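Below: one structure, written as structure tokens.
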Amino acid sequence: MKRVYLPILLSITFLTSCASINNPFAKRETIEIKEGYLSLKNINTNLAKQMPLIQKVGKNKIKIVSATTFAGKDGKSLITEIEFIFTSFEIPEGLPSIARVKSSLTYDLKTKEFKLDNISEPQVKFLKESLVEYINPKQKKFISDTIVLKLYDLILHKSKKELRAMKGFIVKEGKIKIIFK
């Protein structure tokens with residue numbers, strides 16, 4: 001009886017070992033890229049195509065007219081400057097403003113999109129100081145929250161290829177060097 005099982009066992013072992021040999025010509029599902037580059041110029045062009053962004057709640061309205069991204073001083077972060085107009089019941093003509101945030105970068109494996117991540121609290125500068133007194137604390141919170149939410153929605157770049165998860169990035173000389181896992 002043992003002699004019958006031994007040839008069957010050997011043939012099954014041989015067949016499974018042959019099936020597990022990797023085919024070097026087989027098409028891979030993901031591209032194994034260790035690093036790549038994104039241009040800040042191309043990112044800013046993509047951001048301009050998505051403008052204006054408008055958020056309205058009651059009589060309060062924010063219209064983001066432009067967003068520009070550039071390198072942070074540390075080389076490991078991005079700075080995004082936003083120009084927007086805030087209108088309310090008290091300020092119907094609108095209050096032009098500028099906000100600046102610090103953020104990082106993320107890559108979504110499902111959508112193949114690069115987006116801003118870990119966005120800091122916006123530093124807002126109102127360009128007409130005489131109208132600032134008409135903004136209450138709830139409206140300031142609305143402005144800050146809206147800027148952050150709208151920035152999370154922006155697509156910096158959409159990859160045509162399926163890439164691996166991002167390990168980190170370095171910003172230098174107008175380019176973002178992305179390191180993949």
Side-chain angles (χ1 to χ4, degrees), residues 27-56 60-87 94-129 131-132 135 139-181:
K27 185 177 178 182
R28 295 181 183 188
E29 292 182 18
T30 57
I31 298 171
E32 294 184 21
I33 297 174
K34 295 292 182 187
E35 61 184 46
Y37 291 90
L38 289 177
S39 165
L40 286 173
K41 182 181 176 183
N42 290 345
I43 286 173
N44 289 326
T45 302
N46 289 341
L47 292 177
K49 291 177 184 176
Q50 299 174 65
M51 296 299 147
L53 298 173
I54 299 171
Q55 180 71 35
K56 186 174 182 180
N60 299 319
K61 178 179 155 184
I62 292 180
K63 180 179 180 181
I64 300 174
V65 293
S66 73
T68 306
T69 299
F70 49 94
K73 290 180 182 178
D74 59 0
K76 296 180 182 180
S77 64
L78 296 171
I79 304 294
T80 304
E81 191 170 275
I82 304 104
E83 294 179 22
F84 67 96
I85 300 169
F86 172 72
T87 55
L95 175 58
S97 308
I98 297 173
R100 188 177 271 201
V101 297
K102 184 177 180 180
S103 65
S104 64
L105 184 68
T106 187
Y107 174 71
D108 188 344
L109 295 170
K110 293 177 185 173
T111 62
K112 299 189 249 181
E113 296 171 341
F114 288 93
K115 292 186 170 193
L116 296 175
D117 196 24
N118 300 322
I119 299 172
S120 68
E121 186 73 22
Q123 299 172 351
V124 179
K125 181 178 179 184
F126 299 105
L127 300 179
K128 292 182 182 176
E129 292 292 326
L131 297 176
V132 175
I135 301 173
Q139 289 172 322
K140 286 183 180 180
K141 177 102 171 97
F142 166 72
I143 291 169
S144 180
D145 291 347
T146 299
I147 289 170
V148 171
L149 287 173
K150 290 296 182 181
L151 286 177
Y152 274 116
D153 290 341
L154 289 175
I155 300 168
L156 303 179
H157 179 74
K158 184 160 177 103
S159 177
K160 293 178 184 174
K161 298 177 181 177
E162 188 175 326
L163 304 170
R164 300 172 78 179
M166 231 176 82
K167 184 177 181 181
F169 69 97
I170 301 168
V171 187
K172 189 176 180 182
E173 298 174 5
K175 291 188 178 184
I176 304 171
K177 179 181 179 181
I178 299 170
I179 302 154
F180 296 99
K181 291 183 181 178

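A quick note: this is a predicted structure, and the numbers were derived from the prediction, not measured. What you see below is based on every heavy atom in this structure, not just the backbone, and it leaves out hydrogens, waters and symmetry mates.
Annotation for Ile119 and Tyr152: closest pair N-OH, 3.3 Å, computed over non-hydrogen atoms. Closest approach of Ile147 to Ala99, counting heavy atoms only: CD1-CB, 3.7 Å. Here the shortest heavy-atom pairing between Ala71 and Val171 reads CB-CG1, 3.1 Å. Summarising the geometry of Arg164 relative to Lys181, their closest heavy-atom pair is CZ-O, 2.9 Å, with the distance given to 0.1 Å. Of all heavy-atom pairs between Phe114 and Leu163, the closest is CZ-CD1, 4.1 Å. When all heavy atoms are compared, the tightest approach of Met51 to Ala67 is CE-CB, 3.7 Å.
Among residues two or more places apart in sequence or in another chain, the ring pair (Phe, Tyr, Trp, His ring centres under 6.0 Å) test is passed with Phe142 by none. Scanning for side-chain hydrogen bond (donor to acceptor under 3.5 Å, both in side chains) contacts around Glu121 gives Ser144, with sequence neighbours left out. Residues satisfying the side-chain hydrogen bond (donor to acceptor under 3.5 Å, both in side chains) criterion with Ser97, sequence neighbours excluded, are absent altogether. Qualifying side-chain hydrogen bond (donor to acceptor under 3.5 Å, both in side chains) partners for Ser77, counting only residues two or more places apart in sequence or in other chains: Asp74.
A heavy-atom distance below 4.5 Å is found between the side chains of Phe169 and Leu78. Using a 4.5 Å heavy-atom threshold, the side chains of Tyr37 and Lys177 count as touching. Residues Leu154 and Leu151 have side chains in contact (heavy-atom distance under 4.5 Å, counting atoms from C-beta outward). Taking the side chain as every heavy atom from C-beta outward, His157 and Asn42 never approach each other to under 4.5 Å. By the 4.5 Å heavy-atom criterion applied to side chains, Ile98 and Leu127 are counted as neighbours. Within the 4.5 Å cutoff, no side-chain heavy atoms of Glu83 are placed close to those of Pro96. Two residues are said to be in side-chain contact when any heavy atoms from C-beta on lie closer than 4.5 Å; Leu38 and Leu156 fail this criterion. Between Met166 and Ile179 the shortest side-chain heavy-atom distance does not fall below 4.5 Å.
A donor-acceptor contact shorter than 3.5 Å is absent between the side chain of Gln139 and the backbone of Asn60.
With rounding to the nearest 0.5 angstrom, the CD1 atom of Ile82 is 8.0 Å from the OG1 atom of Thr69. Rounding to the nearest 0.5 angstrom, the gap separating the CZ atom in Phe70 from the CG atom in Asn44 is 9.5 Å. Annotation: the span from Leu116 atom CG to Thr80 atom OG1 amounts to 4.5 Å, rounded to 0.5 Å. Here Lys112 contributes atom NZ and Lys160 contributes atom NZ; the two are 11.0 Å apart, rounded to the nearest 0.5 Å.
Sorted by first and then second residue, the pairs that involve residues 99-108 and meet side-chain hydrogen bond (donor to acceptor under 3.5 Å, both in side chains), not counting sequence neighbours, are Glu81-Arg100, Ser104-Asn118, Asp108-Thr111. A salt bridge (charged side-chain N to carboxylate O under 4.0 Å, His left out) check over residues 144-159, counting only residues at least two apart or in different chains, returns the pairs Glu113-Lys158, Lys141-Asp145.
The only member of Thr87, Ile85, Ile143, Ile135 that meets side chain to side chain contact (heavy atoms under 4.5 Å, CB included) when paired with Leu95 is Ile135.
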